[in-house]
Number of protein chains: 2
Amino acid sequence: MQLTKAFEQGVCVMAMLTTQIPSIPVASATIHQRLGTSPTYTQKIVRKLVVSGLATSVSGQGGGFCLAKASKEISCLDVVEAIEGPVVTFPDSQLLHHAFAHSNGLANLASANSVVYQTFAKADEQWRKVLSNVSIADIIHDSLHGEKLTFVDWNEM
Amino acid sequence: MQLTKAFEQGVCVMAMLTTQIPSIPVASATIHQRLGTSPTYTQKIVRKLVVSGLATSVSGQGGGFCLAKASKEISCLDVVEAIEGPVVTFPDSQLLHHAFAHSNGLANLASANSVVYQTFAKADEQWRKVLSNVSIADIIHDSLHGEKLTFVDWNEM
DNA sequence: GAATTCGTACTCGGATAGTGCTTGTCCGAGTCCAGCCGG
DNA sequence: CCGGCTGGACTCGGACAAGCACTATCCGAGTACGAATTC
């Protein structure tokens with residue numbers, strides 16, 4: 001069970017936007033060139049960040065993408081859910097319910113379905129909790145090992 | 001991000017084995033008929049439970065599968081890892097590292113890779129912790145709503 | 001009547017299709033900016 | 001001057017193709033048990 005690689009790209013994009021000089025948007029071309037990824041696919045991923053309200057887009061010449069809010073206001077979980085949608089690990093196709101609904105004597109086993117569902121819901125909740133307590137700013141800060149953050153213009157590099 | 005449907009089948013199998021009269025193995029045919037799933041694929045899933053030490057197999061006529069140990073000694077996490085293998089949610093293909101390793105001034109951003117990795121490792125750990133505290137016996141018990149567990153022979157039903 | 005053979009029922013495990021989601025491409029449409037006119 | 005055209009650079013967003021992991025099938029091999037066979 002893994003997140004998709006699209007999420008990994010999403011994290012990279014957020015890192016670029018965070019370290020970008022705030023007044024200058026990062027162009028789509030700049031992003032996929034730096035990441036070495038597919039131009040159009042990466043564009044779609046960035047678009048998800050925009051739709052989720054983590055980034056803003058600027059059309060036209062000199063356009064691109066900017067961070068929508070302070071990086072300390074954006075958690076890892078926000079990025080996960082922007083790219084992957086809501087996280088529900090138990091693939092509830094009601095198999096337990098269907099398997100045991102018509103069994104003599106043990107028909108109550110059918111309700112194991114919701115018991116399992118709720119157990120995984122709790123586990124998911126804990127997973128989300130950890131990620132919601134770590135912001136993009138925290139990630140950047142911890143990466144720099146005390147070095148001071150300097151904004152750059154990725155378009156120029 | 002979801003577990004596979006194979007896992008859901010695995011849970012159903014464990015539920016059957018737990019409620020089966022301990023001295024009689026459950027035949028492979030019995031399992032896939034009750035679940036309404038693919039015979040051969042379900043067989044492969046059960047096999048994974050055997051390899052992981054959650055179930056035992058009996059060859060030959062009258063053969064089938066039994067629980068390898070008491071159901072209260074088997075956690076949800078055991079079943080997850082038997083079917084899915086170890087759970088690592090961050091798909092670490094070193095994209096962050098490669099993207100920023102050769103950037104002027106911000107090369108330290110490359111180490112964000114391991115920071116993110118460890119963040120997700122913590123989240124995964126919490127997820128596992130919840131599941132390891134819930135046993136198959138707990139699931140069965142909570143499903144029965146106070147009704148007493150009666151063992152049956154699924155082969156006969 | 002006991003050992004051997006045989007048949008049946010079952011699991012083991014690899015090779016190999018089918019399917020659906022992730023990944024990637026293409027293209028038309030919309031938007032913004034800058035420079036070029038014409039009044 | 002300055003207001004409106006025009007072209008280029010860019011994002012928007014859907015339709016569609018490719019790749020890969022999950023799902024599913026098939027088949028040969030191994031194993032246990034019981035019944036028939038043989039001496």
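Fair warning: this is a prediction, and the values are worked out from it, not measured in the lab. By convention in this document, chain letters (A, B, ...) are assigned in the order of the sequence lines, proteins followed by strands, and residues within each chain are numbered from 1.
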Go through the steps for B/Leu67 and B/Ser71 under the test side chain to side chain contact (heavy atoms under 4.5 Å, CB included), then give the verdict.
CA-CA 8 Å; B/Leu67 219 55; B/Ser71 61; 4.0 Å; yes
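- In this entry the distance linking CD1 of A/Ile83 with P of C/dT23 reads 10 Å, nearest Å.
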| said: As a quick check of understanding, evaluate side chain to side chain contact (heavy atoms under 4.5 Å, CB included) for A/Val80 and A/Trp127, giving each step before the final call. | reply: CA-CA 12 Å; A/Val80 170; A/Trp127 187 82; 4.2 Å; yes
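- In this structure, A/Trp154 and B/Phe100 have tilted ring planes: the angle between them lies in the 30° to 60° band.
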Can you list the steps and then say if B/Val50 with B/Thr56 is a side chain to side chain contact (heavy atoms under 4.5 Å, CB included)?
CA-CA 5 Å; B/Val50 173; B/Thr56 55; 6.0 Å; no
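- For the pair B/Ile45 CD1 and D/dA21 C1', the interatomic distance rounds to 15 Å; values are reported in whole Å.
- Among D/dC26, C/dC26, D/dT23, the nucleotide with an atom closest to any side-chain atom of B/Tyr41 is D/dT23.
- Checking D/dT11, D/dT23, C/dT25 against the side-chain heavy atoms of B/Ala6 singles out D/dT23 as nearest.
- For A/Lys44, counting side-chain heavy atoms from C-beta on, the closest listed nucleotide (C/dT11, C/dG24, C/dA15) is C/dG24.
- When the nearest nucleotides of DNA chain D are assigned to B/Lys5 and A/Gly64 by heavy-atom distance, the more 5′-ward of the two goes with A/Gly64.
- Between B/Leu49 atom CG and C/dT11 atom P the separation is 14 Å, expressed in whole Å.
- Rounded to an integer number of Å, the gap from B/Ile24 CD1 to C/dC10 P is 14 Å.
- Taking only side-chain atoms of A/Phe65, from C-beta outward, the nucleotide of D/dC33, C/dT25, D/dC12 with the closest atom is D/dC12.
- To the nearest angstrom, P of D/dT23 lies 12 Å from CG of A/Leu95.
- To the nearest angstrom, C1' of C/dG35 lies 10 Å from CD of A/Gln61.
- For A/Thr4, counting side-chain heavy atoms from C-beta on, the closest listed nucleotide (C/dC12, C/dT8, C/dT23) is C/dT23.
- Of all nucleotides listed (D/dA24, D/dA32, C/dG30), D/dA32 comes nearest to the side chain of B/Ser59.
- One atom, NZ of A/Lys48, and another, C1' of C/dG24, lie 13 Å apart when rounded to the nearest Å.
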Legend entry - side chain to side chain contact (heavy atoms under 4.5 Å, CB included) between B/Phe7 and B/Glu84, worked out: CA-CA 7 Å; B/Phe7 167 70; B/Glu84 308 274 337; 3.4 Å; yes
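- Across all strands shown, B/Ala27 has heavy atoms under 4.0 Å from sugar-phosphate atoms exclusively, and none from any base.
- Between the P atom of C/dA9 and the CD atom of B/Gln43 lies a distance of 15 Å, rounded to the nearest Å.
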